[in-house]
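Note that the coordinates shown come from a computational prediction; the quantities given were computed from them, not determined experimentally. All chains are named by letter (A, B, ...) in the order of the sequence lines, taking the proteins before the strands, and each is independently numbered beginning at 1.
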Amino acid sequence: SSGINAEYGVATDPTEDALKMHFLVHTSIDVIEEKLSSATAANDPRDLYLGQLYPNEDYRIYGYVTNTKIKIVVIETISNPLKDARQVFSQVHSAYISLVCNPFYSPGETITSQPFLQTVTALMRGKAIA
Amino acid sequence: MSRGRGAVDPKRVSSELFSLTYGCMVAQLLKDFENPEEVNKQLETMGYNIGVRLIDDFLAHSPSVTRCSTLEEVAEVLCKQGFKMFLGIVPEVRNWSSAKDEFSLVITENPLAEYVELPPHCQDCLWYSNIICGVIRGALEMVQMDVKCSFVGDTLRGNDSTEIRIKFVKILEDSLPAGED
């Protein structure tokens with residue numbers, strides 16, 4: 001599978017319509033940016049997990065943003081519901097940290113790292129990471 | 001020997017900071033020299049400069065280490081004390097030549113290479129941790145031993161193991177400074 005463009009990167013299940021996923025991700029990122037800019041003392045911007053982003057009849061869309069403003073969006077279909085969204089985000093975040101520790105990877109580059117892509121793929125299939 | 005640097009505990013440097021520093025240095029060398037072979041040479045030279053200095057620190061902190069009379073003893077001290085002290089790992093000594101003048105060090109966990117993935121153009125030629133070979137060569141030279149030291153395998157390159165081959169060349173005689181008898 002191709003790499004993930006880190007401007008916005010999409011890893012999808014091949015049975016889903018990739019274009020639709022890209023569109024949903026774009027919209028989600030806009031929603032996240034809105035949430036970030038309207039963050040007040042009351043809603044703590046340091047809580048990385050943003051929960052469900054907006055309603056959609058076919059999918060549930062969750063958001064997460066790291067302290068370095070990396071946004072992670074997880075789109076769950078009715079057929080493949082997530083057991084624990086926070087866990088998934090925290091694992092993607094960990095995988096991203098390992099990726100960034102590679103001295104040959106610069107943040108913002110297209111992600112081609114096999115370990116990272118494998119982790120994301122496994123998470124999509126609902127497999128827990130050890 | 002106190003260094004009077006206040007609260008800094010010289011024994012505690014985060015291993016992540018260390019690996020990231022080394023990694024950024026290798027990445028920078030690659031940008032500067034472009035040729036992985038040249039980077040290998042640079043890393044070895046840097047390692048040599050570290051090794052000639054490190055040996056005194058090592059011996060000062062290891063009073064139990066005495067003069068080694070065989071290469072086997074050297075290998076043992078190198079792994080069980082040298083590597084342990086500075087990298088926190090103990091490589092395995094293996095593959096002795098029949099003449100007992102050559103052996104391998106096999107490293108299972110390499111703290112320098114955590115999280116590293118080699119870019120495709122370096123996969124077949126860069127020895128990422130080549131600084132270690134220089135350190136060994138430099139350190140042993142200061143105790144009058146001339147050795148050849150090089151990587152023969154690296155898990156970063158997809159090899160089965162990360163292995164350094166060390167070959168004893170000769171004992172170095174102290175040469176008298178010019179003009180003396």
Side-chain touch B/Leu20/A/Pro103, heavy atoms, less than 4.5 angstrom: no
Excluding sequence neighbours, so at least two apart, what forms ring-ring contact (aromatic ring centres under 6.0 Å, His included) with B/Tyr48? none
Would you mind checking which part of B/Leu118 comes under 4.5 Å of any heavy atom in chain A, side chain (CB onward), backbone (N, CA, C, O), both or neither? both
Starting from B/Ile136, can I reach B/Val77 by hopping between I/L/V/M/F/W/Y residues whose side chains sit under 4.5 Å apart? yes
Do B/Val90 and B/Val93 sit in the same hydrophobic cluster, where Ile, Leu, Val, Met, Phe, Trp and Tyr count as joined when their side-chain heavy atoms come under 4.5 Å apart? no
Cluster check B/Phe18, A/Ile97: I/L/V/M/F/W/Y, side chain < 4.5 angstrom: no
Can you tell me if B/Ile171 has over 12 outside heavy atoms packed within less than 6.0 Å of its CD1? yes
Tabulate, with distances rounded to 0.1 Å, every donor-acceptor pair spanning chain A and chain B at under 3.5 Å.
residue: B/Glu117; atom: N; partner: A/Asn102; partner atom: OD1; Å: 3.2
residue: B/Glu117; atom: O; partner: A/Asn102; partner atom: ND2; Å: 3.3
residue: B/Glu117; atom: OE1; partner: A/Ser113; partner atom: OG; Å: 3.2
residue: B/Glu117; atom: OE2; partner: A/Ser113; partner atom: OG; Å: 2.9

Please list, chain by chain and in numerical order, all residues satisfying side chain to side chain donor-acceptor pair (under 3.5 Å) with B/Asn35, sequence neighbours excluded. none
Summary of salt bridge (charged side-chain N to carboxylate O under 4.0 Å, His left out) pairs that have at least one residue in residues 87-96 of chain B, sequence neighbours excluded: B/Glu92-B/Arg94
